[in-house]
Every structure is written in C-alpha cells, then in structure tokens.
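Because the structure is a prediction, the values reported are computed rather than measured.
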Amino acid sequence: MNNQLQQKEDIRNLSYEEVVQYLNKIQEKSFRATQIFEWIYQKNVWSFEQMKNLSKDLRERLMQDFILRPFEIAKKEISQDGTTKFLFELIDQEQVESVLIPTASRTTVCVSTQVGCKFGCKFCASGIGGWNRNLTTAEIVTQIMHVKDEAQKHAQPLSHIVFMGIGEPLDNYDNLVKAIRIINDKKAINIGARRITVSTCGVIPKILQLGQEGIQIELAISLHGYDNESRNVLMPVNKKYPFSDLIEACKQYQKNYRRQITFEYILIKDITCSTKALTSLKKSFKGLICKMNLIPYNPVSEFDHKTPTRQEMYQFRDQLKDFGIHATIRAPRGKDINSACGQLRRSIK
Ligand code: SF4
C-alpha cells in the first residue's frame, strides 16, 4: 500500500502554475486550478472526493494521478501554556514534529523542513540523531494544514509561520522556497511574506540566493556566538561559513529587502552571556538594522550547559539596549513538553 502511494506524486508538491499545466495537459480548464487550491488550502479537505464543484471525471483523474492524504498523528501533546506539539508520521514511517504556538496577538506554527539535521549545533536536540532526508514541499505544507485545522478548532486562525522546527531550512532550499510560495499565495494558504520567518544556522550562499528570490520574508539567524571563536563552540557550521562573512551576507540581504534581521542568540551561562560578548556584538552589528531574540538556554539531556540567572540575562539585555541594539528575552514556550527552541527531535518513540 505504502509503495503504491509513494509512487504517486502528492499534489501539494505542485505550484499553482504546475497544476494549471497539468490541467491543460488533460484538456481541463485552467480555472480548475484555483478551485483545487481552494479545496486543499482554504477549505482544508483531505481527499479529492470532497471537491464537489469538480466533475466526477476530473476527481477520478486526480485520484488516479495524485495523492492527497493527511499524516498519521503519532502523538499530540498540549503544554500548560497552550502550545501544542504534533509528532507526524510520514509515508515512509519517518517522523517529524511541528508546534502550534498561540499567544494573545498571533498564532504561529513552527515547521520542520528535514528528517533530522546535518548541522549538529551544540545546543540542539534536532541534530543529535543526524540527518536522514529532506522533506518534500508537500510534507512541509501538510504540517501547516494539520496545525491550521487544530488552530481553527480553537478559533485561533493561523497568522504566522516560522521555519524553526527540525532541520536547516536552507539546506532544503528548493522545496522550502516552493512551499513558501504556496503559503504566501492568496489562492492557497495566504499568509503574508512578512509573517513568514526562515531561520538558518548561517548557510551563506543560500542566504544570498534567498535575497534574490523577490519574496520579502523575515530572516532569522541562529547566531549563538559573538565572534568566530565563540561561534565555533556551539555552531560547527561556523567553520565553513565564518561569523564575519555571515554578518556581511546579512548586510547584503538587508540591502536587497530593507528588512530588519533577527538574530537568535542563546544565553548560556559564562559562554554567550558575558561582557566580552557584549563588546564584540556592538562592533559587529554596526550598520545593520537588527533585533536580538535572547533565548534562555533550554536544557537538553545530552549537553551540560547552564542557563544564566534571571539577573544576568536582564543585565545582558539592558546593556545591548544601551548600545542601541533592540533585544528581548524570549519567554520559553512549551518547555514542559520539550517543544521549546532547540528541543525538537526526529522522534519521541
Ligand atoms: S539549530 Fe537548526 S541547524 Fe542547528 S542542529 Fe538544530 S535544527 Fe540543525
């Protein structure tokens, strides 16, 4: 059964233009593409049979040529703060996690892009088991459709997408960009580019490529170091794409889109939360419009880093503000269900 399904293309791998091309090839009218997109992405249906304004012949043809099915939800955990973590089982039995994060002002879904991760950042549970494969565009958008369903049940329409789940989004560039175009498309999920954030550990060539795509999404950089040496401690990617080149790439991205860049910065006692770090950050960020999300380190059992005290964290934030760097301490969400930043894993079997 699964082999049979795996041989068929998932229709959610197709862009709008590709659905139009397919329809033209089978002598159907192009406007059917809009109807198909609305059924899948706006009315959240999970089968072609439900697409009632399509002819029976077209529905049967779609069923013959494509699949459209939900994931198995292997596990769903709800945190005391309302954060909901999903463990989805994919068609080949691999598993990924997505997180629904409701707050008073927005409802965000944190999406995975790969099964595992190659980059092995030293604070992150997602990279511990290594990398297995990229997610397809369909697997990326299907996570969102499931979480959208859940959000709607609680009358909290999805407003923001962050690519901060398992995997390095820019290491799965083509599938990611295609998914972003579907998310952004008014006929599909219809979430504005400025409400979509891609977080990267710093894959410089792809940051530069993203800067040429013409989609003005938000860029977040997992910085977690204040110079080359300190970044090497937590971010092995820094050996290939060093700190100073990364900052230059951010400046280039900013020149293209005039968007503020967000730096994610984990506060680890005596490592990234220090006076030396403050001085260096001030120097590096000169000329860059940016904000810093300071993330108190979330314990991961495999690492022995420590979280700074509250006072140390507030002091660090205030001193950044004194330098003119807008900085906030991010309240950890879903910590009790291991869905806070850096805690997502390939599997919780
Ligand atoms: S932080 Fe991102 S890039 Fe680094 S190991 Fe975790 S998932 Fe991979």
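- Taking CZ of R61 as the start and OH of Y22 as the end, the distance is 4.5 Å to the nearest 0.5 Å.
- With a 6.0 Å radius and a threshold of 12 heavy atoms from other residues, nucleotides or ligands, K56 has its NZ atom at or below the threshold.
- Side chains of D57 and S55: no donor on one and acceptor on the other come within 3.5 Å.
- Exactly one of I78, V99, I101 qualifies for a side chain to side chain contact (heavy atoms under 4.5 Å, CB included) with T84. That residue is I78.
- I73 contributes atom CD1, which lies 5.5 Å from atom NE2 of H146 (distance to the nearest 0.5 angstrom).
- C201 and V237 get closest at one heavy-atom pair: O-CG1, 3.5 Å.
- The side-chain hydrogen bond (donor to acceptor under 3.5 Å, both in side chains) pairs that include a residue from residues 204-216 are Y173-E213, R181-E213, R194-Q216, K206-Q209, where partners are two or more places apart or lie in different chains.
- In this structure, the side chain of S112 does not engage the main chain of Q114 through any donor-acceptor pair within 3.5 Å.
- With hydrogens and angles disregarded, a donor-acceptor distance shorter than 3.5 Å links the side chain of T142 to the backbone of A138.
- In this structure, the side chain of S159 engages the main chain of T107 through a donor-acceptor pair within 3.5 Å.
- With 3.5 Å as the limit, one finds no donor-acceptor pair spanning the side chains of D10 and N13.
- Although no hydrogens or angles enter the test, the distance criterion places a donor-acceptor pair under 3.5 Å between the side chain of N184 and the main chain of I191.
- At least one donor-acceptor pair closer than 3.5 Å links the side chain of S230 to the backbone N or O of Y226.
- Contact check on E18 versus K178 returns a salt bridge, with a Lys/Arg side-chain nitrogen under 4.0 Å from an Asp/Glu carboxylate oxygen.
- Remark: I289 CD1 is loosely packed, at most 12 non-hydrogen atoms of other residues, nucleotides or ligands lying under 6.0 Å away.
- For the pair N172 (side chain) and L135 (backbone), a donor-acceptor distance under 3.5 Å is present.
- Aromatic ring centres of Y265 and F263 lie farther apart than the 6.0 Å criterion allows.
- With hydrogens and angles ignored, the 3.5 Å screen pairs a side-chain donor or acceptor of E168 with a backbone N or O of L170.
- Side-chain polar atoms of W39 and N53 form a donor-acceptor pair below 3.5 angstrom.
- Each of L223, D245, I221 was compared with C250 under the side chain to side chain contact (heavy atoms under 4.5 Å, CB included) criterion, and only I221 meets it.
- Residues D65 and E9 are not in side-chain contact: their nearest non-hydrogen atoms beyond the backbone lie 4.5 Å or more apart.
- At least one donor-acceptor pair under 3.5 Å links the side chain of K52 to the backbone N or O of E49.
- Between F88 and S98 there is a side-chain heavy-atom pair separated by less than 4.5 Å.
- Donor-acceptor pairing under 3.5 Å is lacking for the side chains of S244 and N228.
- For N190 and D185, the side-chain atoms include no donor-acceptor pair closer than 3.5 Å.
- Of the possible donor and acceptor atoms, one in the side chain of H224 sits under 3.5 Å from a partner among the backbone N and O of I266.
- In this structure, D149 and W46 approach most closely via the heavy-atom pair OD2-NE1, 3.2 Å.
- For the pair L219 and T197, the minimum side-chain heavy-atom distance is 4.5 Å or more.
- Residue-environment remark: NZ (K321) exceeds the threshold of 12 foreign heavy atoms within 6.0 Å.
- R330 and E264 are joined by a salt bridge, as a carboxylate oxygen and a charged side-chain nitrogen come within less than 4.0 angstrom of each other.
- Between F71 and the options I91, L87, L90, a side chain to side chain contact (heavy atoms under 4.5 Å, CB included) holds for only L90.
- Judged by the 6.0 Å distance and 45° axis criteria, K187 is positioned over the aromatic ring of Y16.
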Side chain to side chain contact (heavy atoms under 4.5 Å, CB included) for F163 and I140? Distances and angles first, verdict last. CA-CA 10 Å; F163 288 98; I140 296 171; 3.6 Å; yes
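- Identified under the salt bridge (charged side-chain N to carboxylate O under 4.0 Å, His left out) test for residues 128-143, with sequence neighbours left out: D92-R133, R133-E139.
- For the side chain to side chain contact (heavy atoms under 4.5 Å, CB included) test with L294, the passing option among T328, L267, T272 is L267; the others fail.
- Salt bridge status for D171 with K118: present, with a side-chain N to carboxylate O gap under 4.0 Å.
- Listed for the T307 side chain is a donor-acceptor partner under 3.5 Å among the backbone atoms of Y297.
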